[in-house]
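Inspection log for the structure reproduced underneath, given as structure tokens.
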There are 2 protein chains.
Amino acid sequence: MATNHTQIEQLLKQHDIRPSYHRIKIYQYLVEKRNHPSVDMIYQDLIQEIPTLSRTTVYNALNLFMEKNLVIMITIAENETRYDANVDLHGHFRCINCGKILDVFFNKESLPIKGLEACIVKESHIYFKGYCPECQAEA
Amino acid sequence: MATNHTQIEQLLKQHDIRPSYHRIKIYQYLVEKRNHPSVDMIYQDLIQEIPTLSRTTVYNALNLFMEKNLVIMITIAENETRYDANVDLHGHFRCINCGKILDVFFNKESLPIKGLEACIVKESHIYFKGYCPECQAEA
DNA sequence: GTATCTGCAAAACATTTGCAATTCT
DNA sequence: AGAATTGCAAATGTTTTGCAGATAC
């Protein structure tokens, strides 16, 4: 990964976010792992390194990041919110079997969607569910 | 609306669902209102007519309907699940201002999506957020 | 020294579950 | 009677909030 603390710090500052130790760690986690984590995944992994970390801090950081357009919310899992530090337009695929989330790509202009003509679109969300290549093999 | 109790009853039976009074009312609500309601919207509206109705019954019915592929779940609103009796492939648009949910249409085969090639897709979900025609006028 | 950030505990939600009472056939 | 359905109350799980102590500028 081409990201170190200094780079992460710059990114946070550029988005008007004061780069506290916890925020740097949380944002670095999102950028490096690219695993579309839930709050609890971030919490469980980072508490190994930062034993005093609390879930509240993870929630606080993510809500701030979203407000500042540094991360997006993914609603692909029923009961928990997932987060993504890739804010460029893209979609997701979630494997019904293993739960893994993959990125998929599309171009907003080329989407053949009817019924949106009179609307001003601010956000586009696309996601799929099914079996990933690995889980097809097993089945 | 071309739906009456008898027709609704038939539809439930065809999907292996015993047509109890509550289930008929709840399914009829979805089919006739087409308003992509939350559990609470259904509950608040139907309790006028059925004073003994409980939220649990609404949850029970909707979960059964989903299991039997009679309704689909829509995850367009952050904090609550919405439901739709239109199970044909389509997407949604939610107005950031008034909260209204509109239907949009697309064709799965014609979607220019990259990254899905090796996956077996079972469900496709597409939704947008922005301003509906009415709310553009106000703003 | 004043703002901000953190973290605990409690609260606020939506949803599920256990179970007893009711209803349907 | 027997099986399914309903509905209350409690439990669950995620996210938010209030507030006190710690930290940063």
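The chains referred to below are lettered A, B, ... by the order of the sequence lines, with proteins before strands, and numbering in each begins at 1.
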Item to complete: Check whether any side-chain nitrogen or oxygen of B:Tyr59 sits under 4.0 Å from OP1 or OP2 of C:dT15, and answer yes or no.
Response: yes

Worksheet item: Mind checking who D:dT23 pairs with, Watson-Crick or G-U wobble, both distances under 3.5 Å?
Response: none

Discussion item. Apply the syn/anti split at 90° from 0 to C:dA3 and say which one it is.
Written reply: syn

Fill in: Contact letters for nucleotides 3-10 of chain D, in which S counts primed atoms plus P, OP1 and OP2 and B counts the base, heavy atoms under 4.0 Å
-SSBBBB-

Discussion item. Measure CG/A:Asp16 against P/C:dC5 and give the value in whole Å, please.
Written reply: 11 Å

Discussion item. Ignoring hydrogens, what is the shortest heavy-atom contact between A:Leu70 and A:Leu11? Give both atom names and the distance.
Written reply: CD1-O, 4.4 Å

Worksheet item: With B:Val121, which residues qualify under side-chain contact (heavy atoms from CB on, under 4.5 Å), at least two apart?
Response: A:Phe93, A:Phe128, B:Lys108, B:Leu116, B:Ser124

Practice prompt. Quick one: look up who C:dA20 pairs with, Watson-Crick or G-U, both distances under 3.5 Å, and put none if it's unpaired.
Written response: D:dT6

Worksheet entry | Sidechain-backbone polar pair: A:Gln10 side chain, A:Ile8 backbone, donor-acceptor under 3.5 Å | no

Item to complete: Can you tell me the distance, in whole Å, between the CZ atom of A:Phe65 and the C1' atom of D:dT15?
Response: 17 Å

Worksheet entry | Separation of C:dA14 P from B:Arg82 CZ (nearest whole Å) | 12 Å

Practice prompt. Apply side-chain hydrogen bond (donor to acceptor under 3.5 Å, both in side chains) to B:His22 and B:Asn60, showing your working.
Written response: CA-CA 10 Å; B:His22 294 79; B:Asn60 285 343; over 6 Å; no

Practice prompt. Would you mind reading off the distance between A:Asn79 atom CG and C:dT17 atom C1', rounded to a whole angstrom?
Written response: 16 Å

Practice prompt. Remember a base hit wins even if backbone is also touched, and classify B:Thr81 as base, sugar-phosphate or nothing at under 4.0 Å, heavy atoms.
Written response: sugar-phosphate

Practice prompt. Give one of base, sugar-phosphate or nothing for B:Asp40, where a contact means two heavy atoms less than 4.0 Å apart.
Written response: nothing

Worksheet entry | A:Tyr43 OH to D:dT16 P, straight-line distance once rounded to whole Å | 17 Å

Item to complete: Report yes if at least one side-chain N or O of B:Asn63 is closer than 4.0 Å to OP1 or OP2 of C:dT15; otherwise report no.
Response: no

Fill in: Rounded distance (Å) that lies between atom P of C:dT6 and atom CG of A:Leu46
13 Å

Discussion item. So which atom in B:Pro133 and which in A:Cys119 form the shortest heavy-atom distance, rounded to 0.1 Å?
Written reply: CD-SG, 4.0 Å

Discussion item. Nearest whole Å is fine: how far is C:dT6 P from A:Ile42 CD1?
Written reply: 14 Å

Fill in: Nearest-Å distance for atom pair CE/C1', residues A:Met73 and D:dT16
13 Å

Discussion item. Quick check on the 6.0 Å ring-centre criterion: do B:His92 and B:Tyr127 meet it?
Written reply: no

Item to complete: Considering only NZ, NE, NH1 and NH2 on the basic side and carboxylate oxygens on the acidic side, decide whether A:Lys33 and A:Asp45 come within less than 4.0 Å.
Response: yes

